[in-house]
Protein chains: 2
Amino acid sequence: MRSYGEFCAVAKALDAIGDRWALLIVRELMLVGACRYTDLQHGLPGVATNLLADRLRQLEKAGVVSRELAPPPIATTLFRLTPRGQDLLPVIRELGRWGAPLLSEAGGDEAFRSYWITLPLELYYYDPTPEGPPVTIEVRMGDEPMLVEAVDGKIRVRRGSAKDPDAILTGPPWLVLGLLSRRVELQDALKQGVDLQGDAKVLNRVRSTSVPESPSARTAEARPKVSRTK
Amino acid sequence: MRSYGEFCAVAKALDAIGDRWALLIVRELMLVGACRYTDLQHGLPGVATNLLADRLRQLEKAGVVSRELAPPPIATTLFRLTPRGQDLLPVIRELGRWGAPLLSEAGGDEAFRSYWITLPLELYYYDPTPEGPPVTIEVRMGDEPMLVEAVDGKIRVRRGSAKDPDAILTGPPWLVLGLLSRRVELQDALKQGVDLQGDAKVLNRVRSTSVPESPSARTAEARPKVSRTK
DNA sequence: CGGCATCCACAGTGATACTG
DNA sequence: CAGTATCACTGTGGATGCCG
């Protein structure tokens, strides 16, 4: 992409990572860690292969992504974030926080990967009962089961399934997310197609730090501005 | 732009404000407040007028920008951020924080507006001597003078010039910024074309909360990750 | 199979000119 | 002042092919 040619930190950042797909590539590498090319293609449904190759080169030149040739047993190229790339976590976090209210509607035909819920759960959620025993919830939203654990006040998310989870939550992503964020009541969720097996009380071990409202539910009151005494 | 079609908060956010120029329009409205169309053009050097019109419509539809027809004495259309648009402040802040190290080099032919320094100064800087008397520094970097005030522990920035500032700082943007962030020593700055009149000690009233390093100066040590027990 | 490069149709971009 | 209109150009997305 053409540079904005502005001497401004925001413009410079956008020069580096403002291209289409660039920040989503960063998201993937943040969530999955080291990735093969095809792993990235799987996590970025719809990306054209030439574009992915282009962006990876670009991000490499910008010092955000590094490329390494894995040793013999794997024998493939691995892409991973550099430290400078890891520094993009706050950007991803705030973008995700701002975008979260846009997920309140069904999402029907949109692409979804179960591990994407790692982002909101680990960034904005916590366990309000840190003194309680660790609990494990298996979440099934389609492509692969995920394990959500509440332990020591934190929420951890892993891929895989447990042999004996405290609860199993099955349903479409938007309902599961709505339930965990308490935008949707349990009864309503059950009516709309969520299935919950096991102990329903463990859901109380998952709390959001910032309850995202629907974007239209915002009032027009005055809010803090950066500047300008106008 | 085409939607990414992903059920992911980051992707949804980028669907709304990931287009070229969109976030820079938000930056302008955050810094300047209500803007006329031509004010935006002035603050976004190089934007094509049809693109600006397109983006404003888009941002309006996304609930980020509102358009109002100012009453008779002004009789023009004013654009301003909605509350939902103001919520983008953390995104702008983190993008700017990440991009700040990219400003360490000269910047020569790049466009610059003096009021852009409001962003870093008010977001990442503070007055380390809140009990001290208020001080005012007039900063001249080209197009218009700015007033930087340290008072009550905070840095405030306004347009305009003072009749009796404690100091006057004149020079190219990258050197002035380097000086204020302490990436550049006063002596070096003076040698490279900065002029400082008045009391040099007032510069100690401006401190950065996060000292941005040069991006290449980063080590390759391990850093916190979002996730993945790998 | 993994990691691209090439080709093509088309949507988005940028410069300029023009208008109510 | 706040755009719209036009047009050359570039970036994007989809398909396919290549090569170790």
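Keep in mind that what you see is a predicted model, and the values were worked out from it rather than measured. Below, all heavy atoms of this structure are taken into account, side chains as well, without hydrogens, waters or symmetry copies. A, B, ... follow the sequence lines: proteins, then strands. Residue 1 opens every chain.
A straight line from CD of A:E60 to P of C:dG3 spans 13 Å, rounded to a whole angstrom. Going from atom CZ of A:F79 over to atom P of C:dG2 covers 12 Å, rounded to whole Å. Following rounding to the nearest Å, B:L44 (CG) and C:dA15 (P) show an atom-to-atom distance of 13 Å. Here the C1' atom of nucleotide C:dG2 and the CG atom of A:L40 are 12 Å apart, to the nearest Å. The CG-C1' distance, from B:L56 to D:dG3, rounds to 10 Å in whole Å. The nearest whole Å value for the distance from the CG atom in A:L78 to the C1' atom in C:dC4 is 16 Å. As a whole-Å value, the separation of A:D39 CG from C:dC1 P is 14 Å. With rounding to whole Å, B:L52 atom CG is found 15 Å from C:dA15 atom C1'.
Out of D:dG3, C:dA15, C:dC4, the shortest distance to the side chain of A:R2 is found at C:dA15. Distances were taken from every side-chain heavy atom of B:L51 (C-beta onward) to each of D:dA2, C:dT13, C:dA15; the shortest belongs to C:dT13. Closest to the B:N50 side chain, of the nucleotides D:dA5, D:dG13, C:dA5, is D:dA5. Distance from the side chain of B:R36 is smallest to D:dC1 among D:dC1, C:dT13, D:dG13. Side-chain proximity of A:R57 to the nucleotides D:dA2, D:dG13, C:dA5 is greatest for C:dA5. Side chain of A:T76, nearest nucleotide from D:dT4, C:dG2, D:dG13: C:dG2.
A donor-acceptor pair shorter than 3.5 Å cannot be found between the side chains of A:E28 and A:W21. A side-chain donor from one of B:Y37 and B:T49 sits under 3.5 Å from a side-chain acceptor of the other.
The side-chain heavy atoms of A:F112 and A:I117, taken from C-beta on, include a pair separated by under 4.5 Å.
Between B:D15 and B:K12 there is no salt bridge, since no side-chain nitrogen of the basic residue lies less than 4.0 Å from a carboxylate oxygen of the acidic one. Taking 4.0 Å as the cut-off between side-chain N and carboxylate O, B:R97 and B:E94 count as a salt-bridged pair.
Each of B:T38 and B:M1 has a nearest nucleotide on DNA chain D; the 5'-most of these lies closest to B:T38.
Residue-to-nucleotide contacts include a donor-acceptor pair under 3.5 Å from the side chain of B:T49 to the base of D:dG3.
Phosphate contact (OP1/OP2 of D:dG3, side-chain N/O of B:R55, threshold under 4.0 Å): absent. OP1 or OP2 of C:dC4 sits under 4.0 Å from a side-chain N or O of A:R67. Phosphate proximity of D:dG13 to A:W21: present, with a side-chain N or O under 4.0 Å from OP1 or OP2.
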